[in-house]
Amino acid sequence: QVQLAESGGGLVQPGGSLRLSCAASGRSISSYSMAWFRQAPGKEREAVAAIFRRAGNTYYADSVKGRFTISRDNAKNTVYLQMNSLKPEDTGVYYCAADSTLILSSIFNPQQYDYWGQGTQVTVSS
């Protein structure tokens, strides 16, 4: 079992930055694919960024390319999401997810992830 705990959310003005953290416990996540999803009120959960298992290749939704960066620190068993140039449409609850067996073509499919954190709220507003 893997437990995930997100932190780092908050209120930020448009154009600002936040760094989200996802601390894992229970098992090492070094061999897991990790992803960040977000969900805005009244909308479906959508993938934001992902990092694929051991290869470490990163993938981003078109809406965040060039602004967000996903990274992992295996020594700390933690995944990060650096968010820059934030926009009001980035507002939502951000969730961290992990899975050890999904294939690359499913990396943005939330149904393929076995483990989820409780989420952290990000609000971008002036």
Side-chain angles (χ1 to χ4, degrees):
Q1 292 289 333
V2 175
Q3 294 79 44
L4 303 173
E6 303 95 335
S7 61
L11 173 64
V12 63
Q13 292 186 343
S17 298
L18 282 175
R19 188 176 82 154
L20 305 183
S21 299
C22 173
S25 60
R27 288 184 180 177
S28 169
I29 58 169
S30 61
S31 61
Y32 281 67
S33 293
M34 304 294 297
W36 287 95
F37 291 80
R38 67 186 179 192
Q39 189 165 19
K43 294 187 177 182
E44 292 187 354
R45 192 169 297 189
E46 63 174 353
V48 174
I51 188 165
F52 186 62
R53 289 210 284 266
R54 295 185 186 275
N57 297 44
T58 56
Y59 303 89
Y60 298 93
D62 288 342
S63 58
V64 306
K65 279 181 182 177
R67 300 189 297 122
F68 290 12
T69 303
I70 187 172
S71 62
R72 68 196 305 163
D73 185 334
N74 289 333
K76 295 183 177 180
N77 222 28
T78 300
V79 174
Y80 303 97
L81 184 68
Q82 178 67 43
M83 306 187 295
N84 299 328
S85 302
L86 283 161
K87 304 175 181 180
E89 51 263 43
D90 294 318
T91 294
V93 179
Y94 282 69
Y95 298 91
C96 176
D99 194 87
S100 62
T101 63
L102 64 80
I103 59 175
L104 182 56
S105 59
S106 299
I107 200 165
F108 276 179
N109 184 348
Q111 296 182 352
Q112 297 300 312
Y113 286 83
D114 284 339
Y115 303 104
W116 291 85
Q118 81 288 350
T120 185
Q121 176 71 45
V122 172
T123 303
V124 184
S125 175
S126 54

For residues A47 and A61, report the shortest heavy-atom separation together with the two atoms involved. O-CB, 3.5 Å
For S17 and Q82, which heavy atoms make the closest approach, and how far apart are they? CB-NE2, 4.0 Å
Does R72 reach the main-chain N or O of R53 with its side chain, forming a donor-acceptor pair under 3.5 Å? yes
Does one hydrophobic cluster hold both L104 and F37, with members joined at side-chain heavy-atom distances below 4.5 Å? yes
Between R38 and L20, is any pair of side-chain heavy atoms under 4.5 Å apart? no
Measure the CG-OG1 distance between L81 and T120 for me, rounded to the nearest 0.5 Å. 11.0 Å
Side-chain heavy-atom pair F68, L86 within 4.5 angstrom cut-off: yes
Measuring only between side-chain heavy atoms, which start at C-beta, is Y80 closer than 4.5 Å to C22? no
Are Y60 and V122 linked, directly or through intermediate hydrophobic residues, by side-chain heavy-atom contacts shorter than 4.5 Å (ILVMFWY only)? yes
Once salt bridge (Lys or Arg N to Asp or Glu O under 4.0 Å) is applied, do any residues pair with K65, and if so which ones, sequence neighbours excluded? D62
Got a donor-acceptor contact below 3.5 angstrom from the T78 side chain to the K76 backbone? yes
According to salt bridge (Lys or Arg N to Asp or Glu O under 4.0 Å), who are the partners of D99, at least two apart in sequence or on a separate chain? none
Close side-chain approach of L102 and F52, heavy atoms under 4.5 Å: yes
Donor-acceptor contact below 3.5 Å, side chain T91 vs main chain V124: yes
Taking every non-hydrogen atom, the tightest pair across Y32 and A98: CD2-CB, 4.0 Å
CG of L11 to OG of S126: how many Å apart, nearest 0.5 Å? 9.5 Å
Would a 4.5 Å heavy-atom cut-off, applied to side chains only, mark M83 and R67 as touching? no
Taking all non-hydrogen atoms of both residues, which atom of S125 and which atom of P14 are closest, and how far apart? C-CD, 3.6 Å
So, does N77 use its side chain to make a donor-acceptor pair with the main chain of A24 at under 3.5 Å? yes
Where is the tightest heavy-atom contact between M34 and C96, given as atom of each residue plus distance? CE-SG, 3.8 Å
State whether the number of non-hydrogen atoms from other residues, nucleotides or ligands found under 6.0 Å of R27 atom CZ is greater than 12. no
Are side-chain heavy atoms of V79 and W36 found at a separation under 4.5 Å? yes
Just list the side-chain donor-acceptor pairs under 3.5 Å for residues 111-118, sequence neighbours left out, or say none.
| residue | atom | partner | partner atom | Å |
| --- | --- | --- | --- | --- |
| Y113 | OH | I107 | O | 2.6 |
| W116 | NE1 | Y113 | O | 3.3 |
| Q118 | NE2 | E6 | O | 3.4 |

